[in-house]
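Here the structure is laid out as structure tokens; the discussion comes afterwards.
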Number of protein chains: 2
Amino acid sequence: MRRPSERTEPVPEATSHRLSLLLRSLRGLESAGVHTASSFEIAARYGLNSAQIRKDLAQFGEFGVRGLGYRVHELKAALKALMGLDRTRVLGIAGAGNLGQALADSRNFNAEGFRVAALFDLDGRKIGGRSRTGVPIRDISTLEEAVRELGIEIGIIAVPAEGALPIAQRMAAAGIGALLNFAPVTVPALPGLLVKNVDLTFFLENLSFQLAVTKA
Amino acid sequence: MRRPSERTEPVPEATSHRLSLLLRSLRGLESAGVHTASSFEIAARYGLNSAQIRKDLAQFGEFGVRGLGYRVHELKAALKALMGLDRTRVLGIAGAGNLGQALADSRNFNAEGFRVAALFDLDGRKIGGRSRTGVPIRDISTLEEAVRELGIEIGIIAVPAEGALPIAQRMAAAGIGALLNFAPVTVPALPGLLVKNVDLTFFLENLSFQLAVTKA
DNA sequence: TGCTGTGAAACCGTTCACAGCT
DNA sequence: AGCTGTGAACGGTTTCACAGCA
């Protein structure tokens, strides 16, 4: 197996997305009891091209066996390590509103490498309480110390638009490495802070647009 | 102004995303009292390239004035019409859990062209009730008639993975035109149904991956 | 003059097709 | 024989650069 390259450039969005899909495909194969699969078999279930999967993987090493394919369990483990999912990343969510609590209690945000350690809010009635599944709601003014205490590595912003940028800056200053922003503003990537802006409205607008354009 | 083309091909994801950004930029300019702006000024605030904006718009007509730029209000109106946001699209959300209710009550899903008409669930304790802002929760078995009665055009899936596909099929059969799926499974585009799969876990995995790769 | 609209060039990601290993 | 890993071809998108219009 070739040395994984020490790259500093960010991974293309599309590649990252496909690797998530790939991981999901491998989970499916594994729980179906399949030990070995070709890139074609792996790709087929998610409509991907087999060459593309091989290319994606080739960026990080050689994971397959010629003439045979990939050993499912082995590739899955390698992929998880590659994606940093071989250990648990601690998440902190700013905003204990509907969305924040939904994410905090989500099974997807508390499995396979992630764990929500705390919610943060400024509403005194919420502070000190817990989400339905027991995630504590802390005063947002204690963000910095909580990041240190709990070892929060990824911050999630689920507050109204006005609050997003100041909180992002505080998170960056507190040493958080990455940020997932659901507020409808574009938070710029700050030095040392990876930012992913996810505006749910955009997905709706996208659909509306497709409807408007195709069913003219 | 050139005739907008009657296209049948779907609009590229990237274009759609930029148009949403563009619309946001125009809103900002308008509320700042700016009447006229060049493509450069419009693009700058979201880190876009001005030529790209002009190219994007060129696909749908000629909206600018040479030597002057774009009249902000006029372009905004044209863009909203283009994106089908000049009228209110009715939304229906399957799944009245945390996420479903968060979306139903979200200001972003109840403004600028969208309105959530109903939530659907199969939990008898929820059925008949309302979300915090008053969106009624109906029995999911009444989905088909609700689509007709309320005129639901876009469906949103916020149920666990197992439920997603069957509900998507029922929505398609009921005549819904587009679907936004938040369940962690890939719902394929069905005949007559536009599908957008949004797996929130993927965004987290993406960040984890970037962290793992850049801070090797 | 100043900006749009747009061909042409550069870039990037995807797909093809096959050499080479098992 | 079968499948990976990859160079080469392809296609689409982004950026450049400027002709042409207000």
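Only this structure's heavy atoms are used, side chains among them; waters, hydrogens and symmetry mates stay out.
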Exercise for the section: Go through the structure and list residues passing salt bridge (charged side-chain N to carboxylate O under 4.0 Å, His left out) with B:Arg54, not counting sequence neighbours. Expected result: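 Checked B:Arg54 against salt bridge (charged side-chain N to carboxylate O under 4.0 Å, His left out); zero matches.
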Backbone N or O of [Y] within a donor-acceptor pair of the [X] side chain at under 3.5 Å?
X	Y	result
B:Asn110	B:Asp105	no
A:Asn197	A:Val187	yes
A:Arg24	B:Pro184	yes
B:Ser25	B:Ile42	yes
B:Asn108	A:Thr201	no

Problem - Reading 5' to 3' through nucleotides 14-21 of chain D, protein heavy-atom contacts under 4.0 Å coded B for base, S for sugar-phosphate only, - for none - result: SBBB--BB
Exercise for the section: Take A:Leu57 and A:Leu22 through the side chain to side chain contact (heavy atoms under 4.5 Å, CB included) test and state the conclusion after the steps. Expected result: CA-CA 10 Å; A:Leu57 291 174; A:Leu22 178 52; 4.0 Å; yes
Can you tell me the distance, in whole Å, between the [atom1] atom of [X] and the [atom2] atom of [N]?
X	N	atom1	atom2	answer
A:Leu75	D:dC3	CG	P	16 Å
B:Gln59	C:dT6	CD	C1'	13 Å
B:Ile42	C:dC3	CD1	C1'	12 Å
A:Leu57	D:dC3	CG	C1'	14 Å
A:Glu62	D:dC3	CD	P	18 Å
A:Arg71	C:dT22	CZ	P	12 Å
B:Leu68	D:dA22	CG	C1'	8 Å
B:Ile53	C:dC3	CD1	P	15 Å

Practice task
Please state whether the phosphate of C:dG2, meaning OP1 or OP2, lies under 4.0 angstrom from any side-chain nitrogen or oxygen of B:Tyr70.
Solution key: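 It does not, given that no N or O in the side chain of B:Tyr70 lies less than 4.0 Å from OP1 or OP2 of C:dG2.
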Exercise for the section: Would you indicate what A:Phe40 reaches in the nucleic acid, counting non-hydrogen atoms under 4.0 angstrom: base, sugar-phosphate, or nothing? Expected result: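 Nothing, no nucleic acid heavy atom in range.
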Exercise for the section: Mind checking A:Ser39 for me? I need base, sugar-phosphate or nothing, with any heavy atom below 4.0 Å counting as a touch. Expected result: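 Sugar-phosphate only.
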